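Beneath this line is the structure, given in structure tokens, with notes to follow.
In this text the structure is predicted, and so the values were computed from the model without any measurement. Basis for what follows: all heavy atoms, side chains included, without hydrogens, waters or symmetry-related copies. For reference, positions follow the sequence shown, starting with 1.
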Amino acid sequence: MSDQNRLGVFKTYKLYVGGKFPRSESGRVYEVTDSKGQWLANAPQSSRKDARDAVVAARKAFGGWSGATAYNRGQVLYRVAEMLEGRKDQFVREVAASEGLSKSKAAAVVDAAIDRWVWYAGWTDKIGQISGGANPVAGPFFNLSTPEPTGVVAVLAPRKSSLLGLVSVIAPVIATGNTAVVVASADAPLPALSLGEVLATSDVPGGVVNILSGVTAELAAPLAAHQDVNAIDLTGADPALAKELEIAAADNLKRVLRPGPVDADWTASPGTHRLTAFLETKTVWHPTGALGAAGSSY
């Protein structure tokens, strides 16, 4: 059969929850269009039930992921970069369509997203050295502070940067041992949903990252109020929604990372503030002990 007579196979986009690819529990979809208003695909419109299911999956995965060695987490994040490199052409097409970019500019965005995974992979076994250490105290004690992951983090992905911004908010969360429930950009969710397919083949345990698409406010509200969500990143929320979510998050004292500018430059060096935003500090005191009558200590 010639290509002229062949029917094309349209991609069916699905959510990524618990290492699987469910359709929305509600059965709803919505149209995703490009920068010119042309139809690209139907994306699943997640419900509150989908959000709750994602939190359950993230909590179930937290023990194993947070208990893995930092070196192992770095290997896994590097593997994500490897798999994304192998599917670069697909992501160039999706980013170009989603953000209205030329092919060359979209390729530069995808390259930067791959490099961002590698950058955070290198930080997994180093962040403890800059956010913890020995503390000087006035007494015969060792006093050591060590960072620990905070738990399940809800992440509202950037509205405009469909891949590079997305990676820049997901990678630091999981690099430090947290698990994530990600609400993709409502206007440009396709690269995020395709990223779920990359994560599924990248040794990332199921449930460590869960990706939902749909109306941001509809999904963010139950996540901000959820008692088993420990922190929330409001990057993708507008000012009015962010204020509502902060109030809801206060109910169980969630850590809150407030949104930055909508047109943030995601190509800039990310620094370490997102790595430390979702870490808790555990401090241990231990007596040094005394040796001999002279009171010398060790």
Y78 atom OH, over 12 foreign heavy atoms within 6.0 Å: no
State whether a side-chain donor-acceptor pair under 3.5 Å links Q90 with R93. no
According to a hydrophobic-cluster definition based on side-chain heavy atoms being under 4.5 Å apart (Ile, Leu, Val, Met, Phe, Trp, Tyr only), do V118 and V169 belong together? no
Salt bridge R79-E82, side-chain N to carboxylate O under 4.0 Å: yes
Do you know the tightest heavy-atom contact between S98 and S162? CB-OG, 4.0 Å
Scan side-chain atoms only and decide if D251 and Q227 contain a donor-acceptor pair under the 3.5 Å cut-off. yes
Scan side-chain atoms only and decide if Q45 and S26 contain a donor-acceptor pair under the 3.5 Å cut-off. no
What I'd like to find out is whether the side chain of V181 reaches to under 4.5 Å of the side chain of L212, using heavy atoms alone. yes
Taking every heavy atom of A249 against every heavy atom of V256, the minimum-distance pair comes out as CB-CG2, 3.8 Å
Answer yes when K254 and E246 have at least one side-chain N-carboxylate O distance shorter than 4.0 Å, and no when they do not. no
Does the pair K88/D111 count as a salt bridge with the N-to-O cut at 4.0 Å? yes
Through direct or indirect side-chain contacts below 4.5 angstrom among Ile, Leu, Val, Met, Phe, Trp and Tyr, which residues connect to F10? W39
Does K105 pair with E99 as a salt bridge, N-O distance under 4.0 Å? no
4.5 Å side-chain heavy-atom contact, T12 and R23: yes
Side chain proximity check, I130 to W123, heavy atoms < 4.5 angstrom: yes
Are V152 and I170 joined in one hydrophobic group, where the rule is that I, L, V, M, F, W and Y side chains link up if heavy atoms are under 4.5 Å apart? no
For A70 and D125, the nearest pair of non-hydrogen atoms, with its separation, is CB-CA, 3.7 Å
Under the side-chain contact (heavy atoms from CB on, under 4.5 Å) test against V204, which residue among L199, V198, L77 passes? L199
What are the two closest heavy atoms between A277 and L257, and how far apart are they? CB-CD1, 4.3 Å
Give a yes or no on this: more than 12 heavy atoms of other residues, nucleotides or ligands lie within 6.0 Å of atom NZ of K126. yes
In terms of hydrophobic clustering (I, L, V, M, F, W, Y; side-chain heavy atoms under 4.5 Å; direct or indirect links), are F62 and I211 co-clustered? no
Show the nearest heavy-atom pair for residues G177 and R73, with the distance to one decimal. N-NE, 3.6 Å
Pairing donors with acceptors under 3.5 angstrom, does anything connect the side chains of T33 and Q38? no
Show your reasoning for whether side chain to side chain donor-acceptor pair (under 3.5 Å) applies to N178 and T176. CA-CA 6 Å; N178 299 290; T176 48; 3.1 Å; yes
Side chain proximity check, V229 to V153, heavy atoms < 4.5 angstrom: no
Under a 3.5 Å distance rule, please check whether S213 uses its side chain to pair with a backbone N or O of P189 as donor and acceptor. no
K14 NZ/CZ over Y16 ring centroid, <6.0 Å and within 45° of normal: no
Are any side-chain N or O atoms of R116 and backbone N or O atoms of W266, one a donor and one an acceptor, separated by less than 3.5 Å? yes
Spell out, yes or no, whether F21 and F91 are grouped together once hydrophobic residues are joined by side-chain heavy atoms under 4.5 Å, including indirect joins. yes
Is there a side-chain contact between R274 and T235, using heavy atoms and a 4.5 Å cut-off? yes
Pair K160 + D187, salt bridge at N-O below 4.0 Å: no
Around K11, counting heavy atoms of other residues, nucleotides and ligands shown, do more than 12 lie under 6.0 Å from its NZ? yes
Partner set under salt bridge (charged side-chain N to carboxylate O under 4.0 Å, His left out) for D228, not counting sequence neighbours: R59
Shared hydrophobic cluster, L193 / V109 (ILVMFWY, side-chain heavy atoms < 4.5 Å): yes
For the student: nearest non-hydrogen atoms of R48 and E218, plus distance: CG-O, 4.1 Å
Between D50 and S47, is any side-chain donor less than 3.5 angstrom from a side-chain acceptor? yes
Run the side chain to side chain contact (heavy atoms under 4.5 Å, CB included) check on L279 and I127 step by step: do they pass? CA-CA 10 Å; L279 287 174; I127 191 65; 4.1 Å; yes
Does a salt bridge link R87 with E197, judged by any charged N lying under 4.0 Å from a carboxylate O? yes
